[in-house]
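Structure record follows, encoded as structure tokens.
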Amino acid sequence: MEPGPAAVAAWVAAALLEALDAGTLLGLATGCTMEPVYAALADRWAALPARDRARLARRWRSFNLDEYVGLAPADPRSFHAFMDRHLVSPLGLAAARVRLPDGAAAAPQAEADRYGAELAADGGVGLQILGLGLNGHVGFNEPPCGPEAPCRCLDLSPATRRQNAAAFGGDPGAVPAQAITLGMAEILAAERILLVVTGPAKAGILRRVLLERPSAELPASWLQSHPAATVVADRAAASWLES
Ligand code: GLP
């Protein structure tokens with residue numbers, strides 16, 4: 001298979017299904033990179049016998065990384081709505097099994113504390129999938145960010161608001177100024193991590209994340225110290241490995 005985004009998506013979808021089958025708590029992400037992953041998962045899901053689908057749906061437990069502050073779950077631009085469109089509806093899951101922080105909570109930091117505590121009470125993440133921000137963020141852990149940063153409410157950087165503007169009519173100013181995100185602490189505590197990176201635009205940042213000394217300026221670089229973190233990249237994102 002051509003090592004493009006579709007091959008990456010198929011591989012990650014298979015890993016998610018296998019982990020789910022083993023009763024693993026899943027850590028999920030949103031963003032363009034994840035759309036083909038959830039599409040591949042939905043295809044595999046649809047091909048399963050109804051009995052297996054029902055068993056896996058009962059077993060489903062997941063926590064998303066992040067949510068925009070100020071967007072209610074029903075807002076089509078929220079990550080809640082993204083998960084509904086790409087995962088909950090296509091797979092027919094009970095929405096309550098796919099957890100995200102509540103972006104509309106009156107006190108966002110209190111909501112972040114509650115969400116982090118809920119994840120801890122569930123035993124932490126077994127398999128965490130991550131996209132990669134162009135500025136080296138994972139989740140919404142914007143630089144500078146140390147490895148011990150916990151689940152919290154934080155300001156989004158201008159670079160991230162630009163990167164995510166497409167869902168907001170192309171206007172970075174319309175992107176919420178804050179988000180709630182699991183911290184590097186919860187991410188690094190996952191038993192296993194898949195950093196999913198596709199497309200030529202991510203080649204430069206992926207190279208830095210893997211080759212530079214871990215630092216707060218590049219939050220994803222902390223993954224270098226994780227004992228079971230794997231990069232799943234397509235040829236375009238990993239082209240620099242071949243030169
Ligand atoms: C976003 C999200 C991350 C996502 C990353 C990459 O801002 N908060 O969870 O993985 O940035 O996004 P994309 O896959 O659209 O490039």
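Just so you know, residue 1 is the first one in the sequence shown, and it goes up from there. In each ligand, atom 1 is the first atom listed, and ligand 1 is the first ligand listed. These numbers were taken from a predicted model, which means no experiment stands behind them.
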Check against side-chain hydrogen bond (donor to acceptor under 3.5 Å, both in side chains), R162 and N135: CA-CA 11 Å; R162 275 198 303 278; N135 63 353; over 6 Å; no
Is the closest N or O pair between C32 and ligand 1 shorter than 3.5 Å? yes
For ligand 1, the portion of L132 having any non-hydrogen atom under 4.0 Å away: backbone
Under a 4.0 angstrom heavy-atom cut-off, which atoms of ligand 1 come close to G31? 14 (O), 15 (O)
Do R152 and I180 pass the side chain to side chain contact (heavy atoms under 4.5 Å, CB included) test, and can you show the C-alpha distance, the side-chain angles, and the key distance before you say yes or no? CA-CA 6 Å; R152 66 205 183 285; I180 295 170; over 6 Å; no
Separation of C145 SG from L154 CG (nearest 0.5 Å): 8.0 Å
Classify the angle between the aromatic ring planes of H86 and F82 as parallel (below 30°), tilted (30 to 60°) or perpendicular (above 60°). tilted
Identify, for atom 9 (O) of ligand 1, the protein heavy atom at the shortest distance, and state residue, atom and that distance. D66 OD2, 3.5 Å
Report the member of G139, G199, A166, A201 with the shortest heavy-atom distance to atom 3 (C) of ligand 1. G139
Distance filter under 4.0 Å to Q163 heavy atoms, resulting ligand 1 atoms: 6 (C), 12 (O), 16 (O)
L65 vs I187, test: side chain to side chain contact (heavy atoms under 4.5 Å, CB included). Steps then yes/no. CA-CA 9 Å; L65 284 164; I187 291 171; 3.8 Å; yes
Quick one: look up the protein heavy atom nearest atom 7 (O) of ligand 1 and list residue, atom name and how far away it is. N164 ND2, 2.9 Å
Of all the non-hydrogen atoms in the protein, which one sits nearest to atom 4 (C) of ligand 1, and at what distance? T30 O, 3.6 Å
Which residue and heavy atom of the protein sit nearest atom 10 (O) of ligand 1, plus the separation: G131 CA, 3.2 Å
To the nearest 0.5 Å, what is the distance between CG on L182 and SG on C151? 5.0 Å
Taking only heavy atoms of F140, which atoms of ligand 1 are found under 4.0 Å from at least one of them? 7 (O), 8 (N)
Run the salt bridge (charged side-chain N to carboxylate O under 4.0 Å, His left out) check on D102 and R114 step by step: do they pass? CA-CA 10 Å; D102 179 4; R114 184 202 65 74; over 6 Å; no
State plainly whether the residues E212 and R207 are in salt-bridge range, i.e. N to O under 4.0 Å. no
If you measure from each non-hydrogen atom of K202 to ligand 1, which part falls under 4.0 Å: side chain, backbone, both or neither? side chain
Against heavy atoms of T33, which atoms of ligand 1 measure under 4.0 Å? 13 (P), 14 (O), 16 (O)
Does the side chain of Y68 come under 3.5 Å of the side chain of N164 through a donor N or O and an acceptor N or O? yes
Which residue holds the protein heavy atom closest to atom 5 (C) of ligand 1, what is that atom called, and what is the gap in Å? H137 NE2, 3.7 Å
